[in-house]
Student: 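Below are the structure tokens for one structure; questions will follow.
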Amino acid sequence: MSLKIVQHANPPTIALTGRLDTNTAPQLDEVLNQVLSVGGVSRLVFDLSELQYLSSAGIRCFIRARKALEADGGKVAILNPQPAVRKVLDIVKAIPAGGVFRNVAELDAYLDEIQRKVRNPE
């Protein structure tokens with residue numbers, strides 16, 4: 001099985017379908033090079049609702065994106081991971097626990113809370 005990558009602009013989202021492994025990780029690396037070279041990206045969402053398999057090569061892609069964004073205060077969020085993929089992410093801790101969301105509503109609630117705290121610091 002191959003990897004299909006679809007990008008959405010707002011918020012910056014990369015939707016993955018298929019397998020993210022040694023053979024397909026270079027495809028994601030190319031997309032990440034484009035996204036990260038633009039600059040000004042403070043949040044990047046990976047939609048994994050259709051990702052069936054994740055290897056260490058794929059995890060490396062997520063870690064690379066996370067490190068690049070966190071260097072400038074940004075964040076990476078993982079959305080809708082399938083149970084097997086979520087288990088891999090949980091085991092290797094590639095994305096901090098607060099960065100994995102079951103659905104868009106959960107992600108939006110998290111983003112709303114962050115913005116509320118910025119507007120109304122306690």
Side-chain angles (χ1 to χ4, degrees):
M1 180 179 263
S2 62
L3 179 68
K4 179 180 175 189
I5 301 172
V6 177
Q7 289 180 257
H8 304 281
N10 196 9
T13 303
I14 298 173
L16 303 174
T17 300
R19 295 175 59 91
L20 183 53
D21 57 25
T22 302
N23 296 320
T24 60
Q27 290 175 254
L28 181 55
D29 279 333
E30 287 181 31
V31 171
L32 288 173
N33 288 341
Q34 294 169 2
V35 170
L36 298 173
S37 69
V38 171
V41 176
S42 63
R43 190 164 267 73
L44 178 60
V45 176
F46 288 97
D47 182 347
L48 306 185
S49 58
E50 299 295 323
L51 188 68
Q52 302 301 315
Y53 178 83
L54 176 63
S55 77
S56 61
I59 291 167
R60 182 190 50 77
C61 294
F62 295 146
I63 292 172
R64 177 178 161 238
R66 191 182 101 209
K67 286 182 177 182
L69 290 177
E70 286 179 352
D72 293 325
K75 299 268 187 204
V76 167
I78 300 288
L79 184 62
N80 300 319
Q82 295 294 317
V85 171
R86 182 168 189 136
K87 185 68 172 176
V88 169
L89 292 169
D90 289 345
I91 289 170
V92 299
K93 309 266 187 253
I95 303 296
V100 179
F101 303 92
R102 288 182 299 232
N103 52 49
V104 173
E106 190 176 274
L107 173 60
D108 286 344
Y110 170 76
L111 295 175
D112 288 345
E113 180 64 17
I114 288 174
Q115 293 175 64
R116 185 193 63 75
K117 287 181 180 180
V118 170
R119 287 190 305 266
N120 304 312
E122 296 176 12

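All residue numbers refer to positions in the sequence shown, counting from 1.
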Student: Can you give me the closest heavy-atom contact between Gly58 and Ala25, atom names plus distance?
Tutor: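 So the two residues come closest at N-CB, 4.4 Å.
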Student: Applying salt bridge (charged side-chain N to carboxylate O under 4.0 Å, His left out), which residue pairs with at least one partner in residues 25-39 are found, sequence neighbours left out?
Tutor: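 Passing the test, one end in residues 25-39: Asp29-Arg60, Asp29-Arg64.
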Student: Short question: side chain of Gln27, backbone of Leu3 - any donor-acceptor pair under 3.5 Å?
Tutor: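 Pair found, side chain donor or acceptor close to backbone of Leu3.
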Student: For Leu28 and Cys61, work out which heavy atoms get closest and say how close.
Tutor: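 Of all heavy-atom pairs spanning Leu28 and Cys61, the closest is CD2-CB, 3.6 Å.
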Student: Side chains of Phe62 and Val76: does their closest heavy-atom pair fall under 4.5 Å?
Tutor: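 A side-chain contact under 4.5 Å is absent here.
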Student: Are Tyr53 and Ile63 connected in the hydrophobic side-chain network, where two residues link if heavy atoms are under 4.5 Å apart?
Tutor: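 The answer is no; the residues belong to distinct hydrophobic clusters.
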Student: Apply side-chain contact (heavy atoms from CB on, under 4.5 Å) to Lys4 and list each qualifying residue two or more places apart in sequence or on a separate chain.
Tutor: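 By the side-chain contact (heavy atoms from CB on, under 4.5 Å) rule, Lys4 matches Val6, Thr17.
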Student: For Asp72 and Gly74, indicate whether the former's side chain and the latter's backbone hold a donor-acceptor pair under 3.5 Å.
Tutor: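 No.
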Student: What verdict does the side chain to side chain contact (heavy atoms under 4.5 Å, CB included) test give for Leu20 and Phe46, after you've listed the backbone C-alpha separation in whole Å, the side-chain angles of each residue and the deciding distance to 0.1 Å?
Tutor: CA-CA 12 Å; Leu20 183 53; Phe46 288 97; over 6 Å; no
Student: Using side chain to side chain contact (heavy atoms under 4.5 Å, CB included), reason through Val41 and Leu36 one step at a time and then give a plain yes or no.
Tutor: CA-CA 7 Å; Val41 176; Leu36 298 173; 5.6 Å; no
Student: Which of these, Leu51, Val31, Asp47, Leu54, sits in a side-chain contact (heavy atoms from CB on, under 4.5 Å) with Leu16?
Tutor: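 Exactly one candidate clears the test, Leu51.
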Student: Between Gln7 and Thr13 (side chain of the first, backbone of the second, donor and acceptor by atom type, cut-off under 3.5 Å), is there such a pair?
Tutor: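 A pair under 3.5 Å: no.
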Student: How many angstroms lie between atom OG of Ser42 and atom NZ of Lys75, to the nearest 0.5 angstrom?
Tutor: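 Output value for this atom pair is 11.0 Å.
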Student: Report yes if some heavy atom in the side chain of Thr24 is under 4.5 Å from a heavy atom in the side chain of Ile5; otherwise report no.
Tutor: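 With C-beta onward as the side chain, the pair stays apart.
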Student: Is there a path of hydrophobic side-chain contacts, each under 4.5 Å between heavy atoms of I/L/V/M/F/W/Y residues, joining Ile78 to Ile91?
Tutor: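 In one cluster with Ile91: Ile78, yes.
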